[in-house]
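Structure, as structure tokens:
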Amino acid sequence: MNDLTLIRKNLFRKKLRAILLTLSILIAFLIFGVLGAFYSVWSSGGALAADNRLITVNRINFTVSMPYAYWNRVAALDGVETVSHASWFGGYYQDPTQFVQTFAVDPETYLEAYAELTMPADQREAFLTTRDCLLVGADLAGQYGWSVGDTIPLLSNIWQKNDGSSSWEFNICAVFDAEDDKVPANYAMFHYDYYNEPLAFNQDQLGWLIINTTDPALNDQVARAVDEMFANSPAETETTTEAAFNEAFANQFGNIALILLFVVGSAFTTILIIVGFTMVTAINERTGEIAVMKTLGFPAPRIFRMVLSESVMLSLFGGLLGLGLAWLMIAAVAPVAAAFLPGLSLPPSVFWVGVGLSVLLGLLTGLVPAINAQRVKIVTALGKQ
Amino acid sequence: MTSLYTLTDLSKGYTRGKESITIFEELTMTIPEGDFMAIMGPSGSGKTTLLNLLGGIDRPTSGSVECQGVRVDKLSEGKLAKWRSQNVGFIFQFYNLMPTLTAAQNVELPLLLTGLSGKQRKERVATALDIVGLADRKGHRPRQLSGGQQQRVAIARAIVADPKVLLCDEPTGDLDRKSADEILETLQLLNKDLGKTIVMVTHDPSAARYARRELHLDKGRFVEQVQEPAQ
């Protein structure tokens, strides 16, 4: 037997109370783990962004297009290594609920700009040379069971052909992936020309430009030069780093960090109050026993440590269970969610912050009971028996 | 006999609101090593307070409590805790065992304050439980034991660290006659065979007869009565 035995025995002396407390802590950390994992995926765009990559969008907002001619004009600027472009196509497969995130791109420059996208060399060549080729991300292909050689129609609610049709036929000639799981492979792309030529409206317009600078130190200079070039034109631009663009895109869904902070903060405050009061009650019930321990010669600081450890152990136990359950849930959901949340997992950083928070919760909830236990007056406590 | 405790001009009082209450004043006495002393007296006479002062769990208003050259009343809280763990075994009226621990674990508790190894602690616990006749109940929790058995576990806990003195506060107050006699016989055995000094507070004259001497505390004064211990 040692102090740990005593702590453990005291912790589980009232099993129902211990189980309910553990459950409440577990739920708080389950919420923390799941939201933390989602936040990590949403905010990973910034981390994945290349530091020399800029995005130029229409100043009104990124859904408004800009003239095709901007592409070549930007390419001529000093400090620009390559420029590519992409346009939002959207589209759905067979049924409007089967949404497919699709872009019309300039194939060669796009693959240069996004060198992290990998595929077999023959498929890469096929994509570059096949006009109606659809280059599909591995997660998206997995979601719909597509493979190279398939011919599929994508329907668009926005883009109609000049023959009145809104169905676009594609030949899947390549599937891309990336070594880093967090690089999205949940979308598809095809030749801009294949999209632009039959368009019934909005021809020769681009969605956004993707600029690779020759040196990240030139980012500000290039961004300024681009925006100044198109100032006072019908389609003014706004150029930012890819990281800032991704972050702004993620924040369309709301300030995720603030939502996370609010939800987790509310859960933790509630748990703090519940566990804190319960610990105070639990220690008050044991005043006599603490007095006996002091009588036997247990020094006050040791009793303080034991009570505090009890609270930390409870919190850590519940916290680890909650984080473990969050990990299991995320692992179960990740394959299903891969199409719209690539790389969904419980990151080590979220796990360790969770562990740290559970220790902090234990210290906060145990502090008052530990001080009370330390201050127990032997004569008074024994006299009450 | 060598003196174990020397109490000099010991006073204890407390205040309740504006009223000052004196429990006893200027008590002077010695307790020899190997003594078995029963302290009797009416409720409120200060018996338990005196026991608390001897055990270092309360401090006098004035005067001194000296135990083998150590001024117990002057020790800091930390040193007092250590002194208690090494020198005093306590036995309470309501046993005060830890309900979550087994008999053996309850007995082992004071040994956690020593540097003994797990094996040594186990041996000591086995010996202590053997002395009180409960070797076969070591795995039982307090609620699985009778009152008399619980008090015997408490005695084992009190003697396991081999203290010089046992302080017993109404050790038979919650027991039937038969169990009380068994407990008192055990205390007598610890005094006679193991040389433990025992100070016992009791209301029960038949319990007091097991002691070597009986002291009556009344109105803050001692009236001593030496007697032959009951057999």
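Proteins get letters first, then strands, A, B, ... in listed order; numbering begins at 1 in each.
- A:L382 is listed as a side-chain neighbour of B:N96, based on a closest heavy-atom distance under 4.5 Å.
- We find the CG-NZ distance between B:L80 and A:K294 to be 11.0 Å, quoted to the nearest 0.5 Å.
- Heavy-atom distances place no part of B:E77 under 4.5 Å from chain A, backbone and side chain included.
- Between the CD1 atom in A:I378 and the CG atom in B:D58 there is a gap of 9.5 Å [rounded to 0.5 Å].
- To the nearest 0.5 Å, atom CE of residue A:M293 and atom CG of residue B:L113 are 8.0 Å apart.
- Other residues, nucleotides and ligands contribute over 12 non-hydrogen atoms within 6.0 Å of the CE atom of B:M29.
- A heavy-atom distance below 4.5 Å is found between the side chains of A:L6 and B:L109.
- For chain A, the nearby part of B:N52 is the side chain; its heavy atoms alone come within less than 4.5 Å.
- For the set B:P110, B:G118, B:P99, the entry with the most heavy-atom pairs within less than 4.5 Å of chain A is B:P99.
- In plain terms, the two heavy atoms of B:S85 and A:G297 that are nearest each other are CB-CA, 4.0 Å.
- A side-chain contact (heavy atoms from CB on, under 4.5 Å) with A:M1 is found for one member of B:T102, B:L111, B:L112, B:N106 and no other, namely B:L112.
- With rounding to the nearest 0.5 Å, the separation of CD in B:E108 from CG in A:N2 is 9.0 Å.
- Within a 6.0 Å sphere centred on NZ of B:K196, heavy atoms belonging to other residues, nucleotides or ligands number more than 12.
- With a threshold of 4.5 angstrom between heavy atoms, A:R302 approaches chain B through side-chain atoms but not through N, CA, C or O.
- Within a 6.0 Å sphere centred on CZ of A:R375, heavy atoms belonging to other residues, nucleotides or ligands number 12 at most.
- B:R84 has its side chain out of reach of A:L296: every pair of non-hydrogen atoms, C-beta onward, lies at least 4.5 Å apart.
- No part of A:F12 comes within reach of chain B, as not one of its non-hydrogen atoms sits under 4.5 angstrom from that chain.
- For A:W327, the CH2 atom sits in a loose shell: 12 or fewer heavy atoms of surrounding residues, nucleotides or ligands are nearer than 6.0 Å.
- Side-chain contact check for B:F92 versus A:T295: some heavy-atom pair is nearer than 4.5 Å.
- With B:T100 as reference, A:K9 is the one residue of A:E289, A:R286, A:K9 to meet the side-chain contact (heavy atoms from CB on, under 4.5 Å) rule.
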